[in-house]
Amino acid sequence: MASLPEGDEDEDHRDIMHQICEILGTIVLLMYPLSSRSLERLLGWDEETVEPALGPFHSVLSIPPEPTPIRVFHKSFPDFLTDKQRSAEFWFHIESTEHHARLALLCLTHMNSALRRDMCGVGNQLVSEIDDVETMLQTKVEQHVLYACRHWARHLTETTWTEKVEGALKNFCKHMLLYWLEILCLDGKLRSAVLALDLAIKWIRDEASSAMLTNCYRYLVYYYNTISLGPCHIYLSTLPFVPRHNLSNSPWERELHSSPRVIMTDGNNRWDRVLFTLTSHSDDVNAVSYSPDGETIATGGDDRRVMIWDSRTGAQVHILEGHSSLVWAVAFSPNGRLLVSGSGDRSVRMWNSATGILIHTLERHSQQVRAVCFSPLGHMIASGSDDSSVILWDSGTGSFIRMLSGHSHLVLSIIFSPDGAQIVSCSENSSIIIWDTETGTVISRLQGSESGSTVYSLAFSPDGSQLASTCKGDVILWNYGSHRILRRLEGSIGNVRCVAFSPDGRFVVAGCESGQVVTWDITTGSQIGTFSGHTNQVVSVAVSPDGSRVVTGSYDDTAAVWDLSSGWQSDGGNDTPNQKSHKDAVRPVALAPDGIMSASQAGAEDNNVAGRHSLIHILKGHGKSVTTVAFSPDGRTLASGSTDDKSIIVWDTESGKSVKTLQLRREVQCLAFSPDGRYLVAACHRSKTIPGPTMLKMWIIEDSRPCQSSSPTVEEARQVLSGSPASGSPPSGIYLARDENSQWVEKRCQGNTIERLCHLPQHDITVSASFGRKFAYGTRRGTICVLDFPPETFGITATTMCTTSQDKLMFDFDFHSNFDPYSDSD
């Protein structure tokens with residue numbers, strides 16, 4: 001039949017045929033099969049309508065009883081239905097684009113109507129604490145809704161733009177996004193949420209809607225690891241920290257009713273260029289590399305480990321262990337299947353990048369291996385070493401091919417030309433050597449610096465016409481054909497340590513010792529971007545194959561992934577660091593009843609007393625770094641101590657003037673006031689030359705008299721510190737706890753049980769303090785944040801805590817446990 005029957009008498013038949021086409025189209029276009037009941041609910045049909053409609057199709061479909069999914073016997077049936085020339089005459093043609101649009105709309109509609117906060121009833125449980133998550137999801141979430149959560153974006157991108165679908169998508173992002181993330185978190189498919197939002201951003205047309213989706217995407221990738229812990233941490237541990245500009249007037253604000261409130265922060269007001277930070281290394285990150293498909297990142301560090309990461313989410317994929325010394329270099333093979341690393345243990349190791357299994361260990365160098373790379377065809381590996389040599393290896397067998405000798409100092413960087421015919425290496429003494437790959441002979445020598453300074457890094461433009469090398473604070477561009485300098489790219493802050501080209505060859509990116517990332521337009525030679533994010537030298541850089549992202553490795557123990565999809569130039573406020581409380585890492589920090597005091601590592605030069613949002617006083621008095629601070633309970637007095645000058649200074653917080661100075665013979669590690677403010681207790685170490693245990697000293701603040709015993713007994717210390725403060729509120733039981741790669745705010749409850757209040761997404765926390773329901777922390781970047789926890793999450797305990805991050809020493813005076821930190825020894 002060529003067409004549907006005409007006439008009113010055939011209207012019922014026409015409707016039946018449309019219904020059959022709709023169910024057949026759904027079955028063949030679904031990403032995975034559903035049962036008849038789930039299909040009915042997805043399509044919004046009455047029960048027991050699918051099976052009767054499919055009665056004539058048992059020869060091509062498996063239609064089992066509920067709840068088994070309906071399946072297609074052979075792929076030829078979907079091919080037939082979507083081929084208009086073959087199926088139209090049977091009235092069963094499925095226009096896939098239109099049908100995908102209907103399925104996308106149905107998915108969004110079901111999520112918009114069904115999702116709600118904590119719909120699975122898991123409360124504050126972590127995913128790892130839930131027994132049989134899969135069964136729980138099957139019970140709590142209907143199958144058609146679960147399907148919609150998993151695959152709405154796949155259907156969206158298979159269709160063209162429609163206003164109706166866009167409207168449903170906007171409503172979803174405004175009201176249901178966080179609930180959707182809850183489901184995918186429990187489902188173990190949070191990565192698919194990242195991919196879904198990325199697809200939706202590319203699909204949508206409206207500029208405002210695109211900005212909203214981009215905000216959702218940035219939120220998800222930045223807090224991915226925290227969200228993956230459990231649904232509750234969407235509300236407890238991520239939303240409070242979303243930049244103010246991106247959260248203000250957002251529908252997400254209504255979800256903050258049970259979250260800790262950020263009452264002070266000098267972090268970013270909006271998303272910056274850092275998408276996320278890779279923080280699992282415990283020491284300097286010396287090397288970074290993108291896989292050829294852009295899906296994974298490899299890093300190597302001083303902790304002797306090579307790590308492989310998911311480049312979309314920042315999730316750790318593999319830890320490769322085997323090197324016995326620091327890892328200097330990593331590189332992927334052109335097909336992405338192999339990863340090679342060079343180490344201070346003098347070896348080159350080849351790994352299977354998919355499994356993390358060691359394939360070969362290449363040993364021939366007599367000193368540290370600082371550089372490695374693959375040839376463009378992947379059949380050779382080159383390595384450069386402190387022994388001044390370059391060695392070529394067969395990547396298939398791991399066998400030695402030849403050694404290239406010509407450098408007189410250690411080799412820091414090595415690259416193949418894009419055609420593989422030549423190798424270029426650079427050395428500590430500023431020499432650059434160009435070698436013939438086939439013969440190993442020297443073709444040319446270039447002087448990378450007139451002053452003889454170190455050339456740290458080299459990079460080829462994609463077409464091989466230009467070579468970039470680092471030289472102090474500049475990047476030098478060479479015409480590779482003539483071996484002459486084209487221009488110097490100037491304007492970096494501090495020496496340039498690493499360099500890379502964009503895939504289109506238009507831009508150069510470099511990492512600097514200042515911790516900044518700088519970009520240039522090579523056509524004009526002008527600097528177009530400066531990005532801040534690291535707190536120490538940036539020593540390695542790699543660009544994603546599509547040029548939208550850059551990954552950098554730093555001596556701040558992290559690798560950062562930067563978003564350059566909007567361009568390689570700075571875009572004003574987003575790239576300008578916010579005004580911070582401190583120029584250096586925040587070390588001691590203390591909370592007053594109505595404010596916050598903090599001091600940076602510089603101490604004597606940067607010791608700030610800050611109110612809720614502004615600087616009050618700069619207190620100068622200590623000769624060297626300040627290591628601990630404490631407020632009196634009424635907030636009128638501040639005590640600061642130093643391990644370097646062995647002094648305690650008592651300050652009047654209103655005037656900012658020094659009231660008295662107590663000079664000790666011991667290093668001051670921690671300070672605490674008694675609850676009534678009459679006494680000051682100091683925990684002191686003997687000097688490095690006089691061994692001995694930590695001891696406590698106590699003074700009467702009013703006249704600076706020491707108590708009868710300069711080393712109080714347990715009973716005396718308890719008597720002083722267990723009194724009721726003037727406010728009538730016992731000290732706080734909130735404190736910072738750390739486990740591997742994570743920081744938590746925890747609360748000690750009655751019976752010494754521990755409750756985790758929130759996970760802190762910041763990786764570089766240096767110090768913390770608490771008072772009442774408030775919790776403050778400082779970071780290595782010099783920023784401070786103060787959280788106020790809701791009354792319903794706060795339990796009263798008689799606990800006072802002081803911390804110093806200098807030696808990670810914690811004094812915990814808990815008067816309802818058997819723990820006894822006091823010592824009578826002098």
Peer 1: Does Arg305, at its CZ atom, have more than 12 non-hydrogen atoms belonging to other residues, nucleotides or ligands within less than 6.0 Å?
Peer 2: yes

Peer 1: Going through the checks in order, is the side chain to side chain donor-acceptor pair (under 3.5 Å) test met by Thr296 and Ser291?
Peer 2: CA-CA 5 Å; Thr296 53; Ser291 63; 3.0 Å; yes

Peer 1: Would you confirm whether the ring centroid of Trp328 sits within less than 6.0 angstrom of the ring centroid of His323?
Peer 2: no

Peer 1: Evaluate whether atom CZ of Arg304 has more than 12 neighbouring non-hydrogen atoms of other residues, nucleotides or ligands under 6.0 angstrom away.
Peer 2: no

Peer 1: If we only count heavy atoms from C-beta on, is the Val424 to Phe460 side-chain gap below 4.5 Å?
Peer 2: yes

Peer 1: Are Val221 and Phe276 close enough that some pair of their side-chain heavy atoms sits under 4.5 Å apart?
Peer 2: yes

Peer 1: Taking the side chain as C-beta and beyond, is there a heavy-atom pair between Leu326 and Gln368 under 4.5 Å?
Peer 2: yes

Peer 1: For Glu438, does the CD atom have more than 12 heavy-atom neighbours from other residues, nucleotides or ligands under 6.0 Å away?
Peer 2: no

Peer 1: Report yes if some heavy atom in the side chain of Tyr224 is under 4.5 Å from a heavy atom in the side chain of Arg191; otherwise report no.
Peer 2: yes

Peer 1: Evaluate whether atom OH of Tyr222 has more than 12 neighbouring non-hydrogen atoms of other residues, nucleotides or ligands under 6.0 angstrom away.
Peer 2: no

Peer 1: Of the non-hydrogen atoms in Ile391 and Met403, which two are nearest, and what is the gap between them?
Peer 2: CD1-CE, 3.7 Å

Peer 1: Is there side-chain contact between Trp562 and Asp272, with at least one heavy-atom pair below 4.5 Å?
Peer 2: no

Peer 1: Strictly below 4.0 Å, N to O, side chains only: are Asp310 and Arg312 in salt-bridge contact?
Peer 2: no

Peer 1: I'd like to check Ile433 versus Trp435 (side-chain heavy atoms, cut-off strictly below 4.5 Å). Are they in contact?
Peer 2: yes

Peer 1: Does the side chain of Tyr456 come within less than 4.5 Å of Val539's, by heavy atoms?
Peer 2: no

Peer 1: Can you find a heavy atom in the side chain of Cys498 that is under 4.5 Å from one in the side chain of Val538?
Peer 2: yes

